[in-house]
Amino acid sequence: MSQTFPKSRRLLKSTEFDAVFAARRSRADKRIVIYTLANELGHPRLGLVVSRKVGNAVARNRWKRLLREAFRLIQDELPAVDIVCLPRPSHSPTLDSLTESMRTLICGKEGSR
RNA sequence: AGAGACAACCGGAUGGUCGCCGGCUUGCCCCGAGUUUUCCACUGCGUGGAGCUUGGGCCAAGCGGGAGGAAAGUCCGGGCGCCGUAGAGCGAGGGUGGUGGAUAACGUCCACCGGCCGCGAGGCCAGGGAAAGUGCCACAGAAAAGAUACCGCCUGAGGGGCUGUCGGUCGUCGGCUGAAGAAAAUGGAUAGCCGAGAGCCAACAGUCCUUCAGGUAAGGGUGAAAUGGUGCGGUAAGAGCGCACCGCGGGCGAGGUGACUCGCCUGGCAGGGUAAACCCCACCCGGCGCAAGGCCAAACAGAGAGCAGAGCUGGCUCGGCUCGUUACGACUCUCGGGUAGGCUGCUAGAGCUGCGGGGCAACCCGCGGCGUAGAUGAAUGGCUAUCGGCGGUGGGUGUUCCACAAGCGCGAAGACCCACCGCGACAAAACCCGGCUUACAGGUUGUCUCUGGCU
RNA sequence: UACCCCGUGGUGUAAUCGGUAACACUAGGGAUUUUGAUUCCCUCAUUCCAGGUUCAAGUCCUGGCGGGGUAG
């Protein structure tokens with residue numbers, strides 16, 4: 001069970017982000033919006049888009065760290081997809097709620113599409 | 001004890017566990033380059049493999065490191081880089097504005113000067129020029145800038161009105177005398193005297209109105225601001241007209257590097273405000289910025305050259321099948337510029353710190369010590385434990401105070417201990433540095449001021 | 001990273017060289033009307049905030065806050 005989060009598990013280039021957005025497969029709940037695109041790497045990858053409307057730099061860094069931590073903890077449960085995650089402007093997030101949102105929005109994908 | 005002023009500083013601590021980023025060392029694997037004076041194979045000055053050296057990538061382990069006082073806003077100043085420029089000056093545009101210093105430089109800092117505020121410690125000040133010129137100053141007000149006109153005050157002259165006094169006069173009224181006519185009664189004069197009061201005339205005085213000439217600038221409800229202020233003298237009324245003090249201008253002297261200060265003499269007084277209005281003066285500024293700049297370099301397109309093979313299929317270093325036959329195609333190689341992308345710039349720098357010296361200080365000099373973040377869809381985190389900080393509530397212990405006297409707590413104040421609850425700010429590097437400004441829970445230290453009490 | 005523009009009633013806009021913040025719509029209240037519509041009247045502004053210059057600031061200057069935009 002891998003719990004690490006090296007650079008190979010992230011989206012690093014604009015072309016990769018553009019590909020995920022071009023697929024236009026999104027789901028959302030109150031806290032976050034998630035775009036997904038299947039890849040052939042055998043493991044999921046995560047990319048984050050945090051708007052300035054979320055808050056100042058400290059609040060945005062808080063969001064990104066908690067989203068990365070949630071992805072790190074549950075990445076073995078996820079299929080091999082590229083994920084772009086956008087937080088919605090809301091109140092201060094918690095790790096448990098983000099883990100739950102990410103798990104339901106990604107793993108529950110087969111039921112909706 | 002209370003209330004303040006200024007300056008400096010801290011910005012939770014220690015662990016556990018799972019992670020992230022980069023550095024060094026070691027190791028596995030992969031890719032590239034060099035080495036034939038390291039070795040082996042092949043027929044050759046050549047090729048291939050192994051070894052060695054070196055560079056890069058990925059993974060793993062170990063060691064040590066990893067946000068701030070403002071990292072923020074991007075308001076100034078520099079370093080650094082590229083471009084432009086012979087040098088210098090002028091112009092445009094922008095900025096700064098007491099003096100002296102500090103500094104790489106600054107709009108920053110220090111010291112001093114001046115003004116304003118505060119009882120004070122202290123605080124604030126874009127603080128040059130308004131007799132170089134232009135503009136503006138609403139409303140109100142006589143007037144908002146030439147003291148000109150106006151009201152007002154005073155003097156003289158003319159006219160007029162009113163009042164008073166004296167005089168004159170026409171005529172009226174009352175009283176007395178009483179002529180002519182007549183004997184008298186009577187009569188009552190173109191007569192006289194006395195008195196009354198209105199009118200008219202003249203003079204004088206006072207007062208008012210008006211016109212003219214002159215003297216004035218004291219005063220004129222206003223206004224943010226009114227042509228030096230106050231007092232005394234003076235005058236027809238007044239006025240720096242004269243005097244005293246204050247303010248202002250000029251000159252001289254002394255002190256200071258200077259801003260400026262002090263003293264003396266002198267001028268009777270020039271001059272409103274606004275330059276964060278235009279402007280003038282002095283000084284400063286070439287432009288753009290690390291997404292600068294440098295290096296490597298896919299793909300596509302271009303140029304040049306070369307060659308016979310190309311496609312499909314099975315298997316691994318070759319074989320089979322199909323198609324094609326000498327070129328404007330396809331393929332291969334080379335070249336320049338260079339996109340995507342990568343590397344670099346990238347952190348040792350006007351560095352931090354201790355001591356000594358110089359300087360009032362900002363700061364500078366010398367010696368010693370330290371090694372202190374480098375991300376790039378963007379690291380410095382998640383969970384948890386203990387301790388500590390602040391506030392509140394409750395409980396306990398002991399202290400002080402209670403006014404003119406006594407008395408006391410179920411009164412007040414603050415101190416210590418325990419338990420529970422809550423709070424724990426502002427804000428995150430993005431080439432670097434010096435400042436400024438703004439945000440900030442809570443806390444620490446030093447110096448100083450004022451008030452009250454005690455000795 | 002660099003730069004530019006804008007903040008005025010609830011909304012959209014005005015305000016000349018600095019001189020007592022104006023208009024339209026909306027909302028609320030009132031009048032007219034038997035009632036409603038129409039019409040008329042009234043109310044609603046710390047000019048984003050804080051300082052400064054000035055006699056006087058929406059306007060000028062400085063610093064913040066917020067919003068929008070441009071370039072690579």
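- Between B:U376 and A:Lys13, no contact under 4.0 Å exists linking OP1 or OP2 to a side-chain N or O.
- Atom NZ of A:Lys64 is separated from atom P of B:U376 by 12 Å (rounded to the nearest Å).
- With B:C20, B:A379, B:G381 as the candidates, the nucleotide lying closest to the side chain of A:Glu69 is B:G381.
- Between the CD1 atom in A:Ile106 and the CD1 atom in A:Ile34 there is a gap of 4.0 Å [rounded to 0.5 Å].
- Distance CG/A:Leu46 to CZ/A:Arg68: 8.0 Å, rounded to 0.5 Å.
- For residues 38-58 of chain A, there are no ring pair (Phe, Tyr, Trp, His ring centres under 6.0 Å) pairs, not counting sequence neighbours.
- Counting non-hydrogen atoms under 4.0 angstrom, A:Val49 reaches a base of the nucleic acid.
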Protein N or O to nucleotides 425-429 of chain B N or O, pairs below 3.5 Å:
residue: B:A428; atom: OP2; partner: A:Ala57; partner atom: N; Å: 3.4
residue: B:A428; atom: N7; partner: A:Asn61; partner atom: ND2; Å: 2.5
residue: B:A428; atom: N6; partner: A:Arg65; partner atom: NH1; Å: 2.1
residue: B:A428; atom: N6; partner: A:Arg65; partner atom: NH2; Å: 3.3

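- Atom-to-atom, CZ of A:Phe5 to C1' of B:C21 comes out at 13 Å; the value is rounded to the nearest Å.
- The CG atom of A:Leu73 sits 10 Å away from the P atom of B:G19 (whole-angstrom rounding).
- Side chain of A:Glu69 to main chain of A:Lys64: no donor-acceptor pair is present (N/O by atom type, distance under 3.5 Å, no hydrogens or angles).
- A side chain to side chain contact (heavy atoms under 4.5 Å, CB included) with A:Met102 holds for exactly one of A:Asp29, A:Ile74, A:Ile83; it is A:Ile74.
- Taking atom NZ of A:Lys7 as the reference point, atom P of B:C58 lies 9 Å away to the nearest angstrom.
- Under the Watson-Crick and G-U wobble criteria, each requiring two contacts below 3.5 Å, nucleotide B:U35 is paired to B:G51.
- In textbook terms, a nucleotide whose glycosidic angle is within 90° of 0 is syn, and B:A67 is one such case.
- Taking the O4'-C1'-N9-C4 or O4'-C1'-N1-C2 dihedral as appropriate, B:C109 has a value more than 90° from 0 and is therefore anti.
- One interatomic measurement links the two molecules: CG of A:Leu12 to C1' of B:U376, which rounds to 10 Å at whole-angstrom precision.
- Taking a pair to require two hydrogen-bonding distances under 3.5 Å in either a Watson-Crick or a G-U wobble arrangement, B:A1 pairs with B:U451.
- If you chain together ILVMFWY residues whose side-chain heavy atoms come under 4.5 Å of each other, A:Tyr35 ends up grouped with A:Leu11, A:Phe17, A:Val20, A:Phe21, A:Val33, A:Leu37, A:Val49, A:Val84, A:Leu86.
- Contacts of A:Thr15 with the nucleic acid, taken as non-hydrogen atoms under 4.0 Å apart, are absent.
- Distance, A:Arg52 CZ to C:G67 C1': 11 Å, rounded to whole Å.
- Rounded to a whole Å, the CG atom of A:Asp18 is 11 Å from the P atom of B:G341.
- What separates CG of A:Leu46 from P of B:G19 is a distance of 17 Å, to the nearest Å.
- Separating the C1' atom of B:G135 from that of B:C252 is a span of 42 Å, rounded to the nearest Å.
- Classification of B:U438 as anti follows from a glycosidic angle more than 90° from 0.
- Against the 90° criterion about 0, the sugar-base torsion of B:G263 places it in the anti range.
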